[in-house]
Enquirer: 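Sharing a structure, written as C-alpha cells. Questions coming.
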Amino acid sequence: MPAEHRSRFKFILPVLYALLPALIMSPALAAEATSRLVVAVSSPLDTLDPHVVLDTRRSDVRVMLYDGLFRWQDGPVRISPWLAQSYTASEDGRTFRFTLRGDARFHDGREVRASDVVYSIERILALKRGLAPLLAGLISPGSTKAIDAGTVEFSLSKPSPLFLTLLPEIAIVNAELLKANEVNNDWGRAWLQANEAGSGTYAYKARTPAGAIVMARFAGHWSKEAAERPIEEVELRPLLDPIERVESLIRGDVQVLQGNLLPDQVKRLRDAKDIAVIDADSPRTFLGLLHTGRDLLKVPAYRRALAQAFDADRFIASTLGPGATPLAIPVPPSFASAPAGLARPHFDLAAAADQIAKLKLPARELVIGAIAGDPHSTRAALIMLEGLVKLGVPSRIVSEPWPAVVGRLRDEKQMYDILFLWRGARYLDANNWLGELYDCDLFGSGNASWYCNRDADRLIKEARGTVDPRVRRQTFEKAAAIVAEDQASLFIASARRTIAHAKRVKGLRFTPVGEAIDPHLATID
C-alpha cells in the first residue's frame, strides 16, 4: 500500500466543502414490542432495496434497516464512524483502507465482513441505480478488495473529495443472504422488494395491507448507546394527504410527521399543546425542473418567460414562510454565492407574453408535474398553472405519488415539461445540487432536465475533480452562473425543514443530510 497516514474518528470529517456548522421476526430481535412509534410519511414505500433508490423520501427505511461505514448525524451536522472503526488514506488520495468493527452483526446473526462491503459496492455498480452514477467515475468493478475479514480496501480511479462524503449512503448488505436468494443473476433484487439483508438498528418485521412498513428493534446491534426505555417497534405509515397527516398527529394516531407543511398547518401544530415543532437546518432547495430537451423548452428565452410567469414571491410568502431565501442559482447559499448582478427573473406576465410572442414558437399544451402528498409541490404547480392560463398557454397538472414521479424522471419521453420539487442533501457538496442535476452525462439519472451546456458541463467536471476547496467553490460558481443564465430550471428558494412530533417522544434524532429520522436512542413517555 502507498505511503499513508492514520486517520481516526475524533473529528468532524473534513469533507473539504462541508460548510454547514422476512415476515417472521428473527430470534435476535426483541421478543415483544413494549413501545411503538408511528411515523406518518408522505410517499408510498415501494421497495426495501437500499441500492436502487437514493432520495430523502425513502431514506428512513435505509437508515433504520442498514448500516454504512460512516453515518451522518445532526447537532451540528457531522459524519461519524459506524461500521468502520478507522481508516488509512494514501498520500495521493486514491487508496483507502478501512478497519471494520468486530462486533457488528447482520439481523440473521452473522458477523459483518469486508466481503459484504465488497459485494455491496459491486451490487450498486451492477444495478446502475441509486448511488451508481456517482460511484461509477470513482470505483471500477473489481477494484474493491477484502484484505481480510475485517479490512476492506478501495482503489479509486482518481482522487475525489466526494468519496468520503458518499460512504454513509453505501448500505452494507448481507452478501451470503442475497446470494442465496438471487434469481437469474439479479443480485437478489426481486427478493429485496419485500425482504431485507441489513445490520441496522431496526429489522424488517411486516408490511401492512395499507402499505405501512413495520420494523422491530434489533437487540443485537453493535451500538452500546441505548435509551432507558427504547422504542421496540417502528411503523412507517404512508399518508399522502397532508391534511390527514396533520390531523393524525394531533389525534395521536401517529407520533412523528414526515413531509412538507404549509404555514397554516405549522401554526396549527405549534398551537397544539402536545406537539413539538422544530425548525431544523437543512440545505434544501426548491426548484421547478424544466424538460430542456423538448421542443419549446429547448429555447432559453422561452424558459425565462416561464420563470416570469411563475409568481415566486407569492409562492414563498404563502407556502414557505418568512424563513425562506430566494434563489438565483440551484445551490443553497451555504455552498455557493450568486455572482454579482445575477438575479432570478421577477414575476411579470406582460414581459412573459411579449417574450413568447417574439419567439413565434408553435403552441402546445404544457404538462406540469406535482408530487401527490407534497403541499409545496402542489401549490407551486397551481401557481404555475394560473400564470400560464393568464398567458393563454394550454397547460394541465398531473399529480402522482413519488415512486411514479421517479419513473418519469428517468424517462425522457415521460418526463413532465415542468416538475416542482425539493432537492435535499444526500451529501454535503455543491455537486449534490449542481453537478448531478446538470451534468451532460447523467441524462435520466441525476439530470432529469435533459439539460446540456458544454461550457457548464466542462466546469462541473473540473470542479468535481478538484480537491482544493477554494478552487472547487469558484469553479462551481462559474458553472452555476451559466446554468442560471440559461434558466435551466426555475430557481425558487432555499428553506429550513419543519419537523413535528408528539412531545412525549424524547431523544428522536434527525439529520439534515438525507432528512431521515433515527429512533434508536429515543423513548416514548
Side-chain angles (χ1 to χ4, degrees), residues 22-41 45 59-68 71-75 78 80-83 101 103-109 196 198-208 212-239 245-246 248-259 269-270 272-278 280 498-512 514-525:
L23 297 180
I24 299 174
M25 191 184 300
S26 165
L29 304 178
E32 186 175 350
T34 57
S35 62
R36 197 166 194 269
L37 183 74
V38 183
V39 182
V41 298
L45 303 170
S59 61
D60 295 320
V61 175
R62 189 167 62 251
V63 166
M64 291 187 220
L65 295 182
Y66 291 90
D67 290 332
R71 173 167 286 196
W72 290 109
Q73 293 184 311
D74 59 344
R78 67 191 187 280
S80 303
W82 212 244
L83 289 179
R101 304 185 59 89
D103 54 354
R105 297 289 184 271
F106 287 110
H107 297 148
D108 65 0
E196 57 98 351
S199 64
T201 52
Y202 285 80
Y204 177 66
K205 181 179 179 182
R207 184 186 289 272
T208 71
I213 289 177
V214 181
M215 295 172 284
R217 187 173 70 92
F218 178 39
H221 194 264
W222 58 265
S223 176
K224 300 303 182 280
E225 291 185 287
E228 184 178 342
R229 299 182 310 281
I231 293 171
E232 299 288 356
E233 194 169 275
V234 177
E235 177 186 337
L236 300 178
R237 182 181 297 176
L239 294 176
R245 287 201 300 275
V246 171
S248 294
L249 181 59
I250 292 174
R251 288 195 307 265
D253 297 340
V254 305
Q255 290 78 50
V256 183
L257 192 156
Q258 284 276 64
L269 290 170
R270 289 191 193 280
K273 66 177 183 178
D274 297 323
I275 305 299
V277 179
I278 302 166
T498 302
I499 301 165
H501 65 86
K503 288 182 179 178
R504 64 193 187 95
V505 180
K506 310 292 186 182
L508 196 63
R509 304 176 79 169
F510 304 91
T511 175
E515 300 190 358
I517 65 169
D518 183 355
H520 87 281
L521 297 180
T523 189
I524 301 179
D525 290 341

Enquirer: If I take atom CD1 from residue I499 and atom CG from residue L269, how far apart are they, to the nearest 0.5 angstrom?
Expert: 12.5 Å
Enquirer: Just how far is it from atom CD of E235 to atom CE of M215, taken to the nearest 0.5 Å?
Expert: 9.5 Å
Enquirer: Return the minimal non-hydrogen interatomic distance between L37 and P519, and the atom names on each side.
Expert: CD2-CB, 3.9 Å
Enquirer: If you measure from CH2 on W222 to CH2 on W82, what distance do you get to the nearest 0.5 Å?
Expert: 4.5 Å
Enquirer: Just verifying a value: how many Å separate H501 NE2 and I524 CD1, rounded to the nearest 0.5 Å?
Expert: 11.5 Å
Enquirer: Test side-chain contact (heavy atoms from CB on, under 4.5 Å) on T208 and R237; report intermediate values, then the result.
Expert: CA-CA 9 Å; T208 71; R237 182 181 297 176; over 6 Å; no
Enquirer: Which residues pass the salt bridge (charged side-chain N to carboxylate O under 4.0 Å, His left out) test with R71, sequence neighbours left out?
Expert: D67, D518
Enquirer: Considering only heavy atoms from C-beta outward, does the side chain of T201 approach that of F218 to under 4.5 Å?
Expert: no
Enquirer: Listed by chain and number, what are the salt bridge (charged side-chain N to carboxylate O under 4.0 Å, His left out) partners of D60, not counting sequence neighbours?
Expert: none
Enquirer: Does the pair E228 and T523 meet the rule for a side-chain contact (heavy atoms from CB on, under 4.5 Å), with working shown?
Expert: CA-CA 7 Å; E228 184 178 342; T523 189; over 6 Å; no
Enquirer: Are Q258 and L236 packed together at the side-chain level, in the sense that at least one heavy-atom pair is separated by less than 4.5 angstrom?
Expert: no
Enquirer: Which heavy atom of L249 sits nearest a heavy atom of V256, and at what distance?
Expert: CD1-N, 4.0 Å
Enquirer: Quick one: are E196 and Y66 in side-chain contact, heavy atoms under 4.5 Å?
Expert: yes
Enquirer: List in chain and number order the residues that pass side chain to side chain donor-acceptor pair (under 3.5 Å) with Q255, two or more places apart in sequence or in another chain; answer none if no residue qualifies.
Expert: none
Enquirer: Applying side-chain contact (heavy atoms from CB on, under 4.5 Å) to V38 and D253, what does each step give before you reach the verdict?
Expert: CA-CA 8 Å; V38 183; D253 297 340; over 6 Å; no
Enquirer: Is it the case that the side chain of H107 and the backbone of G200 share a donor-acceptor pair, with hydrogens and angles ignored and the cut-off at 3.5 Å?
Expert: yes
Enquirer: For S59 and R62, test the side chains for any donor-to-acceptor distance below 3.5 angstrom and give the result as yes or no.
Expert: no
Enquirer: Any chance you could lay out the side-chain contact (heavy atoms from CB on, under 4.5 Å) test for Y202 and I231, step after step, and finish with the verdict?
Expert: CA-CA 10 Å; Y202 285 80; I231 293 171; 3.7 Å; yes
Enquirer: Using side-chain heavy atoms (C-beta onward) and a distance below 4.5 Å, is M64 in contact with I517?
Expert: yes
Enquirer: Give a yes or no answer on whether the side chain of S35 reaches the backbone of P230 with a donor-acceptor pair at less than 3.5 Å.
Expert: yes
Enquirer: What residues, two or more places apart in sequence or in another chain, satisfy salt bridge (charged side-chain N to carboxylate O under 4.0 Å, His left out) together with R504?
Expert: none
Enquirer: State whether the side chain of R245 and the backbone N or O of A40 hold a donor-acceptor pair below 3.5 Å, judged by distance alone.
Expert: no
Enquirer: To the nearest 0.5 Å, how far apart are NE2 in H221 and CG in D103?
Expert: 9.0 Å
Enquirer: Just to verify, what does D525 make a salt bridge (charged side-chain N to carboxylate O under 4.0 Å, His left out) with, not counting sequence neighbours?
Expert: R229
Enquirer: Check whether any side-chain N or O of R207 sits under 3.5 Å from a backbone N or O of L45 as a donor-acceptor pair, and report yes or no.
Expert: yes
Enquirer: Partners of A272 by side chain to side chain contact (heavy atoms under 4.5 Å, CB included), sequence neighbours excluded?
Expert: I275
Enquirer: Is V63 close to T511 at the side-chain level, that is, under 4.5 Å between some pair of heavy atoms?
Expert: no
Enquirer: Sub-3.5 Å donor-acceptor pair from the side chain of K506 to the main-chain atoms of K503, do we have one?
Expert: yes
